[in-house]
There are 2 protein chains.
Amino acid sequence: MKVSASKENHLKAIFHLQQEQGIVTTNALAAALKTRPASVTDMLKKLKDQKLLIYERYKGFKLNAEGKKAAIQVIRKHRLWEFFLVRKLQFGWEEVHEIAEELEHISSRKLVDRLDSFLGFPDTDPHGDPIPDGQGRFHTQRQKCLCELPLNKEVQVSGIASQTTEMLEVLQYNHIQLGTRLEVRKKFPFDDSLEVKVRNRPPVTISAQVAKNVLVKDDEPFAEKR
Amino acid sequence: MKVSASKENHLKAIFHLQQEQGIVTTNALAAALKTRPASVTDMLKKLKDQKLLIYERYKGFKLNAEGKKAAIQVIRKHRLWEFFLVRKLQFGWEEVHEIAEELEHISSRKLVDRLDSFLGFPDTDPHGDPIPDGQGRFHTQRQKCLCELPLNKEVQVSGIASQTTEMLEVLQYNHIQLGTRLEVRKKFPFDDSLEVKVRNRPPVTISAQVAKNVLVKDDEPFAEKR
DNA sequence: ATTACTTTTTAGATTTGTCTAAATTATATT
DNA sequence: AATATAATTTAGACAAATCTAAAAAGTAAT
Ligand SMILES: [Mn+2]
Ligand SMILES: [Mn+2]
Ligand SMILES: [Mn+2]
Ligand SMILES: [Mn+2]
């Protein structure tokens, strides 16, 4: 049974939504996919027929084991392509999502596995999200946001939660990017802004809003594997 | 105006057909695309509406300048991806066509150009076909088939016209592959078979049928550009 | 010029994925 | 419990791409 691009998009979105809530609702999915609730209902019937999810009308739905497996494969493809685009083709991390949204639907399994190998089996995509391996396993995200970090502990930036051009601008200005090593020196309770010391640079101050979107990890997220 | 994957496939097939005949027929296109004549007629109307081809009913058709440009971009994508698959992901040249048939429909122009650059601006795909550059220019095929080659001139294999598994088997057996340097030592007029000397190997004999499908060039078709 | 054959087009259906508007079911409020 | 509101589903429509079967146009042969 074939899974079309649209079905793959649905599976992926359902998977992400059910990470947070256990059960997914029609409206939430429609919003996530920028489609209409009626369209979602239509698709749900098809996915149910293909035995990829558990669904009873008016009662919400969630992926079954089979559906989860399929969703993870799409996510794997998406993130591997993003990694490829940034690492090999010199794209910026803010411009790869859209392209990967197309590339993730190329069907050859062999292609994905070869790509994975070519890239050196990376485990984190350019946004800091984990890349599932060939069996669908991936390390659970142990990223924290900058705002919930203890003082004076050096960490490495491993992801950016929301990457708008404006956000990027601030980070660029403060010399913060993926892989940057830094530590939090001070917290200002008044506005929750932080003094951040980037290694080899003078300290800078960033707002709570920005801090909330900077994700960090203890160990290297982006080790070169050439 | 968007050009769907199916439209791109049609454009590409028309382009190839009109290389040989100036004008293309409905049946020929249907055969090339493994679709039905009625479906071709349907698509022709759409392509005409999008001003990509010249078409009068019952009178055949051909691409206009606009259509040719679009077709060449698809061919460019197809061949660049094939090159990528063989060179970077270690695929065999006989298995890349199908995958490239999907990859060629990824729309980002920037992606194609970056890929081109990443690959070192190759000008020949793994089957010996020329890869159009960013402006749609490509060297006209100056490949010859082995059978029309002068004696004792060393050349390099630059393409295989028809690559079936059976054909591959013969070539593999005789240590002939893309890039192999060889020369024709003798021609047997009786059956037009050839004695071929592959560099650093004892001479072998190949049939006229095989020779007809081995394309060669004088200069390096596959120079490493790292 | 008729007739016979081939090629191409039209007419009408089908599948997939989407939509709007209306109906239904669930949930919340009095 | 009755009613209002929100969420979800159904009904019916549409666009894209394909198909089969039948009609129309072109070509060739007597
Ligand atoms: Mn997608
Ligand atoms: Mn990502
Ligand atoms: Mn294709
Ligand atoms: Mn090729």
Side-chain angles (χ1 to χ4, degrees), chain A residues 1-14 17-18 20-63 67 70-71 74 101-102 104-107, chain B residues 1-14 17-18 20-63 67 70-71 74 101-102 104-107:
Chain A
M1 197 123 292
K2 348 105 233 208
V3 179
S4 65
S6 178
K7 276 176 193 152
E8 287 191 335
N9 287 337
H10 279 77
L11 290 174
K12 197 168 52 123
I14 297 169
L17 286 171
Q18 81 181 26
E20 291 138 38
Q21 306 102 38
I23 208 103
V24 188
T25 72
T26 302
N27 276 354
L29 184 52
L33 289 169
K34 287 175 182 160
T35 179
R36 298 314 197 128
S39 309
V40 166
T41 304
D42 289 343
M43 188 57 88
L44 288 178
K45 287 178 199 157
K46 294 172 200 164
L47 292 175
K48 188 191 179 181
D49 288 349
Q50 275 173 73
K51 300 193 204 309
L52 294 169
L53 54 71
I54 294 144
Y55 166 55
E56 273 180 282
R57 72 199 197 303
Y58 290 105
K59 300 203 69 176
F61 47 90
K62 62 178 173 180
L63 299 177
V74 181
E101 204 56 52
E102 285 185 60
E104 72 189 356
H105 304 295
I106 304 294
S107 56
Chain B
M1 197 125 291
K2 358 125 212 184
V3 179
S4 66
S6 179
K7 276 176 192 152
E8 287 190 334
N9 287 337
H10 280 76
L11 290 174
K12 197 168 52 121
I14 297 170
L17 285 172
Q18 83 181 26
E20 291 138 38
Q21 305 102 39
I23 207 102
V24 188
T25 72
T26 303
N27 275 354
L29 184 52
L33 289 168
K34 287 176 181 160
T35 178
R36 297 315 195 128
S39 310
V40 166
T41 303
D42 288 344
M43 189 57 87
L44 289 177
K45 287 180 200 157
K46 293 173 201 165
L47 293 175
K48 189 192 179 179
D49 288 350
Q50 274 174 72
K51 299 194 206 307
L52 293 169
L53 54 72
I54 294 144
Y55 166 54
E56 274 181 281
R57 75 198 192 302
Y58 291 105
K59 300 203 67 176
F61 47 91
K62 61 178 175 181
L63 300 178
V74 182
E101 203 57 51
E102 284 184 60
E104 71 189 357
H105 304 295
I106 304 295
S107 56

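Lettering follows sequence order; numbering is per chain, from 1. All of these numbers come straight from a predicted model, not from anything done at the bench.
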Length of the [atom1]-[atom2] vector between [X] and [N], whole Å:
X	N	atom1	atom2	answer
B/K45	D/dT18	NZ	C1'	13 Å
A/M43	D/dT9	CE	P	14 Å
B/L44	D/dT18	CG	P	12 Å
A/E56	D/dT8	CD	P	15 Å
B/I23	D/dG26	CD1	C1'	15 Å
A/L29	D/dT8	CG	C1'	13 Å

I'd like to know if the side chain of B/Q18 reaches the main chain of B/L63, judged simply by a donor and an acceptor atom lying under 3.5 Å from each other, with no hydrogens or angles considered. yes

Atom of [X], atom of [Y] and distance for their closest heavy-atom approach:
X	Y	result
A/A32	A/L17	CB-CD1, 4.3 Å
A/H105	A/A5	CE1-O, 3.3 Å
B/Q50	B/K7	NE2-NZ, 2.8 Å
A/E8	A/E104	OE1-O, 3.7 Å

Mapping A/K7 and A/Y58 to their closest nucleotides on DNA chain C, which lands nearer the 5' end? A/K7

Hey, does the side chain of B/S6 come within less than 4.0 Å of D/dT18's phosphate (OP1/OP2), counting only N and O? yes

Would you indicate, yes or no, if D/dG26 has its OP1 or OP2 atom less than 4.0 angstrom from a side-chain nitrogen or oxygen of B/K59? no

State the [atom1]-[atom2] distance between [X] and [Y], to the nearest 0.5 angstrom.
X	Y	atom1	atom2	value
A/N9	A/E101	CG	CD	5.0 Å
B/L29	B/T35	CG	OG1	8.5 Å
B/K46	B/H10	NZ	NE2	8.5 Å
B/I23	B/Y55	CD1	OH	12.0 Å

With a 4.0 angstrom cut-off to heavy atoms of chain A, pull out the first and last contacting nucleotide of DNA chain C, in 5'-to-3' order. C/dG17 to C/dA26

Considering every strand and a 4.0 Å limit on heavy-atom distances, what is the contact class for B/Y55: base, sugar-phosphate, or nothing? sugar-phosphate

Where along residues 32-42 of chain B does a heavy atom come under 4.0 Å from DNA chain D, residue by residue in number order? B/T35, B/R36, B/A38, B/S39, B/D42

